[in-house]
Amino acid sequence: MLTLPRFEWLRPSTVDETLAALAEDPSKTLIVAGGTDAVPNLKHGLHEPERIVHLGRVRELRFVRVDAERLSIGALTTLDELSRHAEIRRLHGTLAKAASLVAGPQLRNMGTIGGNLCLDTRCTYYNQTFFWREALGFCLKKDGVHCHVVPQGKRCVAAHSSDVAPVLITLGAEVEIAGPSGRRTIPVEQFFVGDGVHNNVLVPGELVTQIRVPARARALRGGYQKLRPRNAIDFPMLSVACALGLRDGTATELHLVVSALAAKPRTVGGLDALAGQALDEAVMEKVAQTAYQQCRPQTSIPYDADWRHEMVPVFVKRALREALQGA
Ligand SMILES: Cc1cc2nc3c(=O)[nH]c(=O)nc-3n(C[C@H](O)[C@H](O)[C@H](O)COP(=O)(O)OP(=O)(O)OC[C@H]3O[C@@H](n4cnc5c(N)ncnc54)[C@H](O)[C@@H]3O)c2cc1C
Ligand code: SF4
């Protein structure tokens with residue numbers, strides 16, 4: 001049986017109290033929201049904090065607000081709330097869909113959008129017990145100096161595995177971060193970095209407070225396709241999100257993000273040239289091949305990387321068709 005390590009447990013009630021609790025010893029403190037990722041990782045000895053700050057009582061982080069300018073979602077909003085919210089389903093159906101595809105019902109009841117955005121990266125050589133990792137030899141991400149996936153590599157390529165993040169990027173969403181020096185807002189696309197050791201820009205002492213989706217994204221048609229072994233619970237081994245601006249069957253803009261292949265979601269570039277063209281099968285094939293050429297699946301998760309690569313164009317076309325059908 002795997003047990004939790006010893007730690008001090010803090011339960012602030014406001015964001016200010018949370019920031020004060022984090023400030024005491026930021027590098028030895030772990031934030032826990034729903035705990036669906038953090039708790040298994042604590043049991044595996046992947047996080048070794050001296051203190052845990054649990055966000056569960058911070059009510060000001062649990063809200064969904066829709067107005068003329070934007071949709072605002074508090075970091076503590078659960079994935080279940082997100083997937084069932086009537087206005088989110090009406091305005092951003094792809095976002096609700098992605099939330100509904102995370103894990104299984106129990107985990108969506110506990111798991112939050114903030115935790116989903118900050119989800120730790122995943123790897124065959126990392127998501128293991130201490131005993132397992134010690135026997136093989138530790139790695140760059142925790143306690144070691146080598147990567148078992150890319151032996152000469154200097155950066156960890158563990159897989160970004162959030163279902164919601166790729167959709168938020170296609171919608172042009174922003175994330176608000178609170179820290180000791182105030183609040184800042186950045187595009188979700190800039191939240192991630194390409195090193196799986198810590199694949200986001202948060203520094204110790206900071207927390208995600210809310211996510212904002214601009215109203216202009218309401219005019220976009222979206223698609224989200226997820227490849228996983230068991231549809232009932234598993235993490236993605238490939239995910240594709242798209243958002244299209246359409247006028248009379250012609251694409252006015254096209255946003256495409258492919259993830260679960262490396263440490264950060266990949267925004268597919270070079271698609272602006274296709275704007276203004278009718279989205280027929282030939283154009284969809286061009287988009288799919290563009291994505292194929294830009295994606296390099298890593299072997300950090302236990303599914304054949306070549307096969308996942310071949311599935312990229314298949315899933316891109318499925319996502320595009322889904323968006324067109326929703327038009
Ligand atoms: C069996 C299983 C299957 C799963 N399948 C999927 C899946 O298919 N897709 C998927 O996306 N996820 C999956 N997950 C992971 C997880 O359940 C979700 O990603 C969930 O949304 C995490 O949210 P949480 O609130 O539980 O995060 P927590 O576990 O509380 O935290 C996760 C990480 O985020 C940090 N964090 C949490 N909130 C904040 C905040 N506000 N500011 C800063 N840092 C914060 C924590 O410090 C921690 O590092 C799965 C988990 C399990 C156990
Ligand atoms: S990709 Fe390499 S460094 Fe990262 S967790 Fe896996 S083995 Fe460790």
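Positions are given from 1, in the same order as the sequence printed here. First listed ligand is number 1; within each ligand, the first listed atom is number 1. Scope of the values below: all heavy atoms of this structure, side chains included, with no hydrogens, waters or symmetry mates.
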### Query
Does atom CZ of Phe63 have more than 12 heavy-atom neighbours from other groups under 6.0 Å away?
yes
### Task
From the options Val157, Leu136, Leu140, Thr121, select the one whose nearest heavy atom is closest to atom 1 (S) of ligand 2.
Val157
### Task
Number the atoms of ligand 2 from 1 as they appear, then name those within less than 4.0 Å of a heavy atom of Tyr126, with their elements.
5 (S)
### Task
Could you establish whether Ala158 and ligand 2 come within less than 4.0 Å of each other, counting only heavy atoms on the residue side?
yes
### Task
Look at atom 2 (C) of ligand 1 and find which of Asn41, Leu107, Asp163 reaches it with the closest heavy atom.
Leu107
### Within 45° cone and under 6.0 Å: Arg228 NZ/CZ vs Phe235 ring
no
### Message
At under 4.0 Å between heavy atoms, is it the side chain or the backbone of Leu55 that contacts ligand 1, or both, or neither?
### Response
side chain
### Task
May I ask you to check whether Ser162 has an N/O atom sitting below 3.5 Å from an N/O atom of ligand 1?
no
## Note on the structure
Looking at Val208, Thr209, Ile31, the heavy atom closest to atom 41 (N) of ligand 1 belongs to Val208
### Task
Tell me yes or no: between the side chains of Gln289 and Glu285, is some donor less than 3.5 Å from an acceptor?
yes
### Task
Consider only side-chain N and O atoms of Thr121 and Asn199, and report whether a donor and an acceptor are under 3.5 Å apart.
no
### Task
Please verify whether a non-hydrogen atom of Pro40 lies at under 4.0 Å from ligand 1.
no
### Query
Does CZ belonging to Arg89 count more than 12 external heavy atoms closer than 6.0 Å?
no
### Query
Under 4.0 Å between a Lys/Arg side-chain N and an Asp/Glu carboxylate O for Lys97 and Glu322?
yes
### Task
Give yes if a backbone or side-chain nitrogen or oxygen of Val102 is under 3.5 Å from a nitrogen or oxygen of ligand 1, and no if not.
no
### Query
In terms of atom number and element, which parts of ligand 2 are under 4.0 angstrom from non-hydrogen atoms of Lys141?
3 (S), 5 (S)
### Task
State whether a side-chain donor-acceptor pair under 3.5 Å links Arg212 with Gln210.
yes
### Query
Does any N/O atom on Glu206 come nearer than 3.5 Å to any N/O atom on ligand 1?
no
### Query
Got more than 12 heavy atoms from elsewhere within 6.0 Å of CZ, Arg155?
no
### Message
Check this for me: Asp67, atom CG, are more than 12 non-hydrogen atoms of other residues, nucleotides or ligands nearer than 6.0 Å?
### Response
yes
### Query
Judging by distance only, is a nitrogen or oxygen of Leu79 under 3.5 angstrom from one on ligand 1?
no
### Query
Any chance CZ of Arg184 has more than 12 other-residue heavy atoms, nucleotides or ligands included, within less than 6.0 Å?
yes
### Query
Aromatic rings Phe192 and His160: how do their planes relate, parallel, tilted or perpendicular, breaks at 30° and 60°?
perpendicular
### Query
From His148, does some N, O or S atom reach closer than 2.8 Å to atom 2 (Fe) of ligand 2?
no
### Query
What about Asp37: any of its N or O atoms under 3.5 Å from an N or O on ligand 1?
yes
### Distance, nearest 0.5 Å, that separates NE2 of His198 from CG of Asp120
9.0 Å
### Under 3.5 Å side-chain donor-acceptor pair for Glu50 and Thr29
no
### Message
Below a 4.0 angstrom heavy-atom separation, can you tell me which part of Cys123, side chain or backbone, both or neither, approaches ligand 2?
### Response
side chain
### Query
Does the N or O separation between Asp120 and ligand 1 drop below 3.5 Å for any pair?
no
### Message
Could you tell me, atom by atom, which parts of ligand 2 come under 4.0 Å of a heavy atom of Cys139?
### Response
3 (S), 5 (S), 7 (S), 8 (Fe)
### Query
Taking distance alone, with no angle check, do Gly111 and ligand 1 share an N/O pair under 3.5 Å?
no
### Query
Is Ala33 in polar range of ligand 1, meaning some N or O pair under 3.5 Å apart?
yes
### Query
Are Arg108 and ligand 1 in contact, using a heavy-atom cut-off of under 4.0 Å?
no
### Winner among Cys118, Ala98, Ala260, Gly56 once heavy atoms are compared against atom 36 (N) of ligand 1
Cys118
### salt_bridge(Arg321, Glu281) N-O dist < 4.0 Å
yes
### Check: Thr185/Glu176 side-chain N/O donor and acceptor closer than 3.5 Å
no
## Note on the structure
If you compare Gly115, Ala103, Ala165 by their heavy atoms, the one closest to atom 4 (C) of ligand 1 turns out to be Ala103
### Message
How far is atom 22 (C) of ligand 1 from the closest protein heavy atom, and which atom is that?
### Response
Thr36 OG1, 3.3 Å
### Query
Any N or O of Met110 that comes nearer than 3.5 Å to an N or O of ligand 1?
no
### Query
Which part of His54 is near ligand 1, with near meaning a heavy atom under 4.0 Å away: side chain, backbone, both or neither?
neither
### Query
Angle class for the Phe130/Phe138 ring planes (parallel below 30°, perpendicular above 60°, tilted otherwise)?
tilted
### Query
Are any of the N or O atoms of Val32 closer than 3.5 Å to those of ligand 1?
no
## Note on the structure
Checking heavy-atom distances from atom 25 (O) of ligand 1 to each of Asn127, Leu30, Thr112, Leu82, the winner is Thr112
